[in-house]
Amino acid sequence: MSEQDIDKETGIETTGHDWDGIRELNNPLPRWWLWCFYLTIIWGIGYTIAYPAWPLVSQATSGLLGYSTRAEVAEEIARFEQKNSALRTELANVELAALSENADLNRYAVAGGAAVFRTYCSQCHGSGAAGAKGYPNLLDDDWLWGGELDQIAYTVRHGIRNEVDADAHWSQMPAFGEILEEDEIGQVVQHVMALSGQEHEANLASQGAVIFEEQCSACHGEAGLGDREQGAPNLTDAIWLYGGDTDSLTQTVTYSRFGVMPPWGDRLGEADVKAVAAYVHQLGGGE
Amino acid sequence: MSADTPPPLYAPQEPIFPRRVQGFFRTFKWWIMAVTLGIYYLTPWIRWDRGPNLPDQAVLVDLAGRRFYFFWIEIWPHEFYFVAGLLIMAGLGLFLFTSALGRVWCGYTCPQTVWTDLFILVERWIEGDRNARVRLWNAKWDAKKWRLRLTKWAVWFVIAVATGGAWVFYFTDAPQLARDLLSFQAHPVAYMTIAILTATTFLFGGFMREQVCIYMCPWPRIQGAMMDDATLTVAYRDWRGEPRGKKHEGTTGDCIDCMACVNVCPMGIDIRDGQQMECITCALCIDACDDVMTKIGKPRGLIDYLALADEPRERAGAAPRPIWKHVLRPRTILYTILWSLVGFGLLFALFIRSDIDLTVEAVRNPTFVTLSDGSIRNVYTLRLRNKHGEPRDFRVSLSSEEILRINLEADRRNLITVDPDSTTQQRVYVTARPQDPAARLDRTELRFWVEDIESGERAYRNSVFNGKVSP
């Protein structure tokens with residue numbers, strides 16, 4: 001810019017740039033604006049040095065202040081765990097039978113148990129705890145291994161029919177396809193249908209009753225009421241884990257069933273085991 | 001530059017030194033200032049006894065607890081429509097006042113106007129009236145100028161701090177917060193809010209003043225769309241005043257060109273140039289001119305509240321129309337009716353507001369549970385709100401055309417106790433025995449009732465029972 005070029009129309013200096021006769025007025029940015037702009041640049045450089053910013057090959061620069069959102073989250077988790085630690089210690093040591101007397105602890109256990117349930121249990125038992133075929137419904141009033149708080153907690157802690165935990169609930173129904181003839185199985189099935197008050201063929205069922213007493217009553221009881229010591233289901237009620245129709249029952253008797261649940265005691269810790277037991281207990285079927 | 005060049009887009013601020021004025025409108029404005037400032041500063045300190053478990057501050061916006069207390073009214077977040085209704089009323093109210101009286105909000109009650117008035121009052125006390133202030137403005141920065149300026153700024157600053165300080169008291173218990181603020185134990189948000197409001201008050205009231213109205217505020221631009229030729233504005237009767245000039249120079253108009261109207265104007269304009277964007281209709285020029293007219297023995301009202309439609313009428317020799325004829329028009333009456341309708345609607349909603357707040361949510365995961373005896377059970381979550389200051393017991397029951405049994409978790413008497421000022425959730429089980437029709441019906445309508453066992457007040461919610469349909 002050797003000499004000033006003043007626009008005749010407006011009296012304002014132009015930048016000297018000329019595009020096919022169109023010239024640009026030189027209206028510079030206000031000083032204060034420009035300085036603010038420079039300041040933001042300087043601030044931005046400082047910011048990228050102080051905080052994590054520049055991406056490198058494996059990770060970004062960590063920044064001089066050592067800030068990280070991950071550490072912040074960890075800190076918050078630690079803060080809340082610290083806040084809850086008294087409640088958790090209390091929960092780990094509480095006699096479950098006495099839990100309902102401590103309203104605050106009970107509320108904490110149920111709310112916490114709900115979260116534990118959704119994380120670890122809902123895959124099999126369903127998010128609403130209604131179970132599925134082969135996975136018990138936890139909302140009803142029928143329990144294979146007992147529905148008191150302590151019994152539920154034991155089941156959660158040690159699991160069922162797993163080889164990981166020596167204290168796991170264990171029982172095994174024989175596959176009667178190798179023991180009984182096909183028509184005998186049919187008769188037993190008719191007897192079980194009779195036990196649960198469903199439609200059945202009476203003469204087959206009466207023959208089945210004899211076989212039932214010989215083969216099944218040791219675990220399911222003579223009246224078919226089951227035995228919680230062995231996880232033997234009650235055959236007289238309206239609840240069926242694998243289905244209560246003739247086909248399902250024939251399959252169950254022929255091939256047997258072997259439902260498995262892992263032990264959670266070591267993974268969850270005592271407080272969470274009790275919490276989830278409290279949650280399951282209050283779903284509507286607790287004893 | 002040629003004559004038809006557009007005016008520059010930037011105009012430096014012209015200093016304005018409004019002169020002291022006395023008269024009807026000035027007195028009226030002092031009263032409005034006293035009342036509005038009084039309301040603003042004193043409201044948080046009014047106590048209102050609501051019982052042991054609720055705050056005793058009459059007006060309290062409890063953001064953390066999500067409650068708004070206004071004397072005997074308590075508003076919960078789900079009743080926000082009351083606030084929406086008040087905002088609609090405020091909007092319609094502004095339509096009404098703007099269509100009838102023009103920028104009356106700007107001139108009398110806008111915080112910017114009230115606080116600027118207060119700041120100018122302080123300025124006048126410390127630095128003197130208009131002429132003294134002009135002299136001081138032009139004077140060198142000597143000791144006297146520094147002393148006056150610093151004193152003025154200090155008083156402004158105290159007012160600004162008090163303004164920001166009063167604001168935060170609306171959001172928490174005022175006496176407790178005052179103690180915390182003074183002992184530096186209050187929450188940083190309180191200090192930051194005070195700091196920001198102090199800065200804006202100091203800047204807007206002390207230095208920016210009319211600039212806020214002219215350049216920052218969108219409201220005057222919107223107002224222009226709501227005024228018509230019957231709307232009252234402050235105007236100059238030029239058909240009476242012109243030609244202006246000193247009497248002994250032989251002019252015949254009433255205006256003696258004394259500049260009183262210009263000198264008192266806080267916006268720095270000359271009202272005799274006609275309606276202007278800057279005019280906030282503060283009416284101080286009316287007072288100033290009336291004073292002069294009285295002194296020279298002419299009738300008052302050379303500058304007056306006038307509507308555009310008045311000019312041709314008065315030019316033709318008609319007498320000035322009374323104010324009420326300007327104000328009472330179909331348009332303003334319509335606004336008044338709308339405003340009142342919303343107001344009555346809100347009052348009605350307030351008084352029929354149920355004392356028991358009940359919601360019922362059917363648990364549909366799963367829709368029903370089969371029990372060992374074949375009964376079908378549905379689960380519902382009841383949510384009960386207690387707005388009282390003491391705990392209340394509610395009995396839950398249900399009614400339905402089919403046979404259904406209800407029972408609550410862990411309570412055979414079907415009682416729910418709700419703590420004061422809180423909401424309680426309760427799982428409720430409804431069961432149909434295998435022989436009952438409801439166990440096999442897809443849908444059974446049912447109605448939950450809750451009853452306050454002390455007052456006998458009842459409320460209900462409808463829901464549906466799902467049975468097990470045989471395929």
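Computed from heavy atoms alone, side chains included, the values below leave out hydrogens, waters and symmetry copies. Below, chain A is the first sequence line, B the second, and so on; all start at residue 1.
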Quick check on [X]: does its [atom1] atom have over 12 non-hydrogen neighbours (other residues, nucleotides or ligands) under 6.0 Å away?
X      : atom1 : value
A:Q123 : CD    : yes
A:E229 : CD    : no
B:F157 : CZ    : no
B:Q211 : CD    : yes
B:R66  : CZ    : no
B:R149 : CZ    : yes

To the nearest 0.5 angstrom, please state how far the OG1 atom of B:T370 sits from the CD1 atom of A:I239. 7.0 Å
So which of B:S375, B:P434, B:P366 has the biggest tally of heavy-atom pairs under 4.5 Å with chain A? B:P366
Quick one about A:D140 and B:S372 (side-chain donor to acceptor, distance below 3.5 Å, no hydrogens or angles considered), yes or no?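 There is no such pair between these side chains.
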Within the distance-only criterion (no hydrogens, no angle test), does the side chain of B:R377 pair as donor or acceptor with the backbone N or O of A:L139 below 3.5 angstrom?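 Yes.
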Does any heavy atom of chain B fall under 4.5 Å from the side chain of A:S127, the backbone, both, or neither of them? both
Residue A:N137 versus chain B: region with a heavy atom under 4.5 Å: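 Side chain of A:N137 only, per the 4.5 Å heavy-atom cut-off to chain B.
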May I ask you to name which of A:D141, A:T236, A:D142 has the most heavy-atom pairs under 4.5 Å with chain B?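 Highest number of pairs under 4.5 Å: A:D141.
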